[in-house]
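All residue numbers refer to positions in the sequence shown, counting from 1.
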Amino acid sequence: MTAPVTLILGLGRDVGIACAKHFKAEGHDVLVAAESDKEIDKARSQLPKDVNLHHGDLDSNIGLRNVLTAATEAYGRHDNLIIIPPIPA
């Protein structure tokens with residue numbers, strides 16, 4: 001049986017990283033998307049190497065299409081979508 005594929009859009013002050021760790025531990029293939037280099041670098045340092053990271057716009061139709069395309073290219077499908085909004089400091 002193939003692993004479920006979970007996409008996490010946004011990291012929201014580490015909430016997205018915690019979600020990615022949880023779903024990865026449950027056996028999911030995970031793709032995390034974030035808009036800033038800083039968020040991607042932080043995720044890269046805290047997540048397992050086999051979690052896919054996608055840097056790009058999450059506020060436009062083309063940006064969301066790019067995330068879904070990245071997941072489809074990496075895993076052939078996407079089963080779950082989690083959206084983490086920006087969380088102010």
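Classification of Asp41 and Arg44 as a salt-bridged pair holds, one side-chain N sitting under 4.0 Å from a carboxylate O.
Side-chain atoms of Leu7 and Leu68, non-hydrogen and from C-beta on, do get closer than 4.5 Å to each other. Contact check for Leu47 versus Leu53: side-chain heavy atoms found under the 4.5 Å cut-off.
In this structure, Asp59 has no salt bridge (Lys or Arg N to Asp or Glu O under 4.0 Å) partners at least two apart in sequence or on a different chain. Taking Glu39 as the reference, Ser36 meet the side chain to side chain donor-acceptor pair (under 3.5 Å) condition, with sequence neighbours excluded. Applying the salt bridge (Lys or Arg N to Asp or Glu O under 4.0 Å) rule to Lys42 yields the partners Asp14; only residues at least two apart in sequence or on another chain are considered. Checked against side-chain contact (heavy atoms from CB on, under 4.5 Å), Pro86 has no partners two or more places apart in sequence or in another chain. Considering only residues two or more places apart in sequence or on other chains, Arg13 meets the salt bridge (Lys or Arg N to Asp or Glu O under 4.0 Å) condition with none of them.
Sorted by first and then second residue, the pairs that involve residues 68-89 and meet salt bridge (charged side-chain N to carboxylate O under 4.0 Å, His left out), not counting sequence neighbours, are Arg77-Asp79. A ring pair (Phe, Tyr, Trp, His ring centres under 6.0 Å) check over residues 51-89, counting only residues at least two apart or in different chains, returns nothing. For residues 80-89, there are no salt bridge (charged side-chain N to carboxylate O under 4.0 Å, His left out) pairs, not counting sequence neighbours. The side chain to side chain donor-acceptor pair (under 3.5 Å) pairs that include a residue from residues 60-69 are Asp57-Ser60, where partners are two or more places apart or lie in different chains. Each ring pair (Phe, Tyr, Trp, His ring centres under 6.0 Å) pair with one or both residues in residues 13-46, not counting sequence neighbours, appears once here: Phe23-His28. Applying the side chain to side chain donor-acceptor pair (under 3.5 Å) definition to pairs two or more places apart or across chains, those involving residues 80-89 are Thr6-Asn80.
Ile17 and Ile84 fall within the same hydrophobic cluster, defined by Ile, Leu, Val, Met, Phe, Trp and Tyr side-chain heavy atoms under 4.5 Å apart, directly or through other members. A continuous path of ILVMFWY side-chain contacts below 4.5 Å connects Leu58 to Leu31, so both sit in one hydrophobic cluster. Hydrophobic cluster membership differs between Ile83 and Val15, with clusters built from Ile, Leu, Val, Met, Phe, Trp and Tyr side chains linked at under 4.5 angstrom.
Going from atom CD1 of Ile8 over to atom CD1 of Ile82 covers 4.5 Å, rounded to the nearest 0.5 Å.
Closest of all the heavy-atom pairs between Gly12 and Ile87 is O-CD1, 3.2 Å. Contact detail for Ala3 and Asp29: the closest heavy-atom pair is CB-OD2, 3.8 Å. When every heavy atom of Ala74 is checked against every heavy atom of Asn52, the shortest pair comes out as CB-ND2, 3.6 Å.
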